[in-house]
Engineer: 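Pasting a structure here, questions to come.
Position 1 is the first residue of the sequence; numbering continues from there.
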Amino acid sequence: MQTAEPLSPDEIERYRRHIVLAEIGGAGQQKLKNAAVLVIGAGGLGAPVLQYLAAAGVGHIGIIDDDTVSLSNLQRQVIHGTESIGRSKVESAKAAIEAINPHVRVTVFDTRLTPETAPHLLRGFDLLMDGSDNFDTRYAAADAAEAAKIPLVTGAVGRFDGSLTVLKPWEQAADGRQNPGYRDLFPERPPPGVVPSCAEAGIVGALTGVIGTLMAMEAIKVITGAGEPLVGRLMLYDGLAARFDVMRYRRRGAS
């Protein structure tokens, strides 16, 4: 984590509802200010992640996305407005974050995260949020975060359902077992065409808000040390049935 200046009087007032929480307090809020979080995607999942992390007072937020805002994005990518159509998503999201909280420093990367670009992009960040919409990026993000030994919060959505988990595969759980990695949960990429894109299958806009907000909550827990992050647990949400389930998973080969 970076070492930031102590909270100013304005910040203390802004984050008062956090500071009165025993699980966060002033020390936890300072950790949020010291944190540097890199977010992959300024789209459906990235939008609520970016908005809530900015509002929470994360001191440095990085955004990776090489796309531009289109009209069909606005049904779910709520960080962008109609006036942003045609604008790069990273610049549109940066402007929105600066409007939410002027205390947040924003760095934008108008590119894609790949196995080749990941080591450079992750440099200087201590938490990675993956809101991408393809398996190539998800595997690259997981591999890069594991190599850099930084936590990864990853989420996915489809039509009316979604999921999320937290990965710290270089650490051991309380029972002494090594934490699982992304490939322990998803050993192989599905064959092309098996998982349709949201453009092909459709997606309800509010679903990305549910999963993205839960991702932001997990990030706040990881940064502040509050509660129990979803390490070794996959949270599943069925929007049509209004049901949450949690599935435990382990490192492959562990008994």
Side-chain angles (χ1 to χ4, degrees), residues 37-55 58 61-101 104-118 120-121 125 128-142 144 152-164 189-216 219 237 239-240:
V37 179
L38 182 60
V39 180
I40 304 172
L45 292 174
V49 167
L50 292 166
Q51 289 170 317
Y52 275 104
L53 293 187
V58 169
I61 295 176
I63 314 169
I64 304 173
D65 202 311
D66 68 345
D67 199 5
T68 57
V69 180
S70 64
L71 182 59
S72 63
N73 296 150
L74 303 185
Q75 160 256 15
R76 64 199 177 282
Q77 300 180 19
V78 294
I79 200 167
H80 311 295
T82 304
E83 72 284 354
S84 293
I85 293 173
R87 190 178 185 186
S88 75
K89 286 186 179 179
V90 290
E91 292 296 340
S92 173
K94 179 181 179 182
I97 288 171
E98 290 171 344
I100 291 170
N101 191 344
V104 178
R105 178 164 68 95
V106 183
T107 302
V108 299
F109 304 96
D110 194 348
T111 186
R112 283 182 175 267
L113 185 139
T114 67
E116 293 73 31
T117 63
H120 168 71
L121 292 170
F125 292 95
L128 182 61
M129 311 289 294
D130 183 11
S132 64
D133 61 357
N134 67 88
F135 281 95
D136 286 343
T137 302
R138 290 170 188 161
Y139 279 94
L152 169 64
V153 180
T154 182
V157 289
R159 299 186 73 245
F160 291 93
D161 58 87
S163 63
L164 70 150
R189 296 169 175 80
V194 171
V195 180
S197 68
C198 66
E200 297 167 325
I203 186 169
V204 64
L207 172 68
T208 61
V210 174
I211 301 302
T213 302
L214 287 168
M215 290 172 65
Y237 172 64
L240 289 178

Engineer: Would one find more than 12 heavy atoms of other residues, nucleotides or ligands at under 6.0 Å from atom CZ of Arg189?
Structural biologist: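 Count over threshold, so yes.
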Engineer: Could you please spell out the steps behind the side-chain hydrogen bond (donor to acceptor under 3.5 Å, both in side chains) verdict for Ser84 and Ser92?
Structural biologist: CA-CA 6 Å; Ser84 293; Ser92 173; 3.1 Å; yes
Engineer: Of all the heavy-atom pairs spanning Ala216 and Met129, show the shortest one and how long it is.
Structural biologist: N-CE, 4.2 Å
Engineer: Nearest 0.5 Å, what's the CD1-NZ distance between Ile79 and Lys94?
Structural biologist: 13.0 Å
Engineer: Search all heavy atoms of Val78 against all heavy atoms of Ala47 and return the closest pair with its distance.
Structural biologist: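 Scanning both residues, the minimum pair turns out to be N-CB, 3.8 Å.
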Engineer: When rounded to the nearest 0.5 angstrom, what distance separates CZ in Phe160 from CG in Leu240?
Structural biologist: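 If I round to the nearest 0.5 Å, the distance is 5.0 Å.
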Engineer: So does Tyr139 have more than 12 non-hydrogen atoms from other groups sitting under 6.0 Å from OH?
Structural biologist: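 For Tyr139, atom OH is crowded (more than 12 foreign heavy atoms under 6.0 Å).
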Engineer: When you measure from the side chain of Thr208 to the backbone of Gln77, do you find a donor-acceptor pair of N or O atoms at a distance under 3.5 Å?
Structural biologist: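 Flag not set: sc Thr208 to bb Gln77 has no pair under 3.5 Å.
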Engineer: Looking at every heavy atom in both Thr114 and Thr117, which two are closest together, and how far apart are they?
Structural biologist: N-OG1, 2.8 Å
Engineer: Please give me the minimum heavy-atom distance between Asp161 and Leu207, naming the atom from each residue.
Structural biologist: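 Shortest heavy-atom separation between Asp161 and Leu207 comes out as O-CD2, 3.3 Å.
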Engineer: CG/Asp130 to CG/Leu164 distance, rounded to the nearest 0.5 angstrom?
Structural biologist: 11.5 Å
Engineer: Carefully, step by step, assess Ile40 and Leu128 under the rule side chain to side chain contact (heavy atoms under 4.5 Å, CB included).
Structural biologist: CA-CA 8 Å; Ile40 304 172; Leu128 182 61; 3.9 Å; yes
Engineer: Per the side-chain hydrogen bond (donor to acceptor under 3.5 Å, both in side chains) rule, which among Asp65, Asp67, Asp66 passes with Arg112?
Structural biologist: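 Per the side-chain hydrogen bond (donor to acceptor under 3.5 Å, both in side chains) rule, the option paired with Arg112 is Asp66, out of Asp65, Asp67, Asp66.
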Engineer: Could you check whether any side-chain N or O of His80 sits under 3.5 Å from a backbone N or O of Arg87, counting only pairs where one atom can act as donor and the other as acceptor?
Structural biologist: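 No; judged by distance alone, with no hydrogens or angles, the pair does not exist.
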Engineer: Phe125 and Val37: which non-hydrogen atoms are nearest, and at how many Å?
Structural biologist: CD2-C, 3.5 Å
Engineer: In Å, rounded to the nearest 0.5 Å, how long is the span from CD1 of Ile61 to CD of Gln51?
Structural biologist: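 Rounded to the nearest 0.5 Å, the CD1-CD separation comes out at 10.5 Å.
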Engineer: Would you name the heavy atoms of Ala219 and Leu53 that are closest together and state the gap between them?
Structural biologist: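 Nearest heavy atoms, Ala219 then Leu53: CB-CD2, 4.0 Å.
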Engineer: How far apart are the C-alpha atoms of Leu74 and Ile85, what are their side-chain angles, what is the distance that settles it, and do they pass the side chain to side chain contact (heavy atoms under 4.5 Å, CB included) test?
Structural biologist: CA-CA 9 Å; Leu74 303 185; Ile85 293 173; 4.1 Å; yes
Engineer: Out of Ile64, Asn73, Ile63, which residue meets the side chain to side chain contact (heavy atoms under 4.5 Å, CB included) rule with Lys89?
Structural biologist: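 Only one option passes, and that is Asn73.
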Engineer: Quick one: pull up CZ in Arg105 and CD in Glu98 and give me the separation to the nearest 0.5 Å.
Structural biologist: 12.0 Å
Engineer: To the nearest 0.5 Å, how far apart are OH in Tyr237 and CG in Leu214?
Structural biologist: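 Here the rounded value is 9.5 Å.
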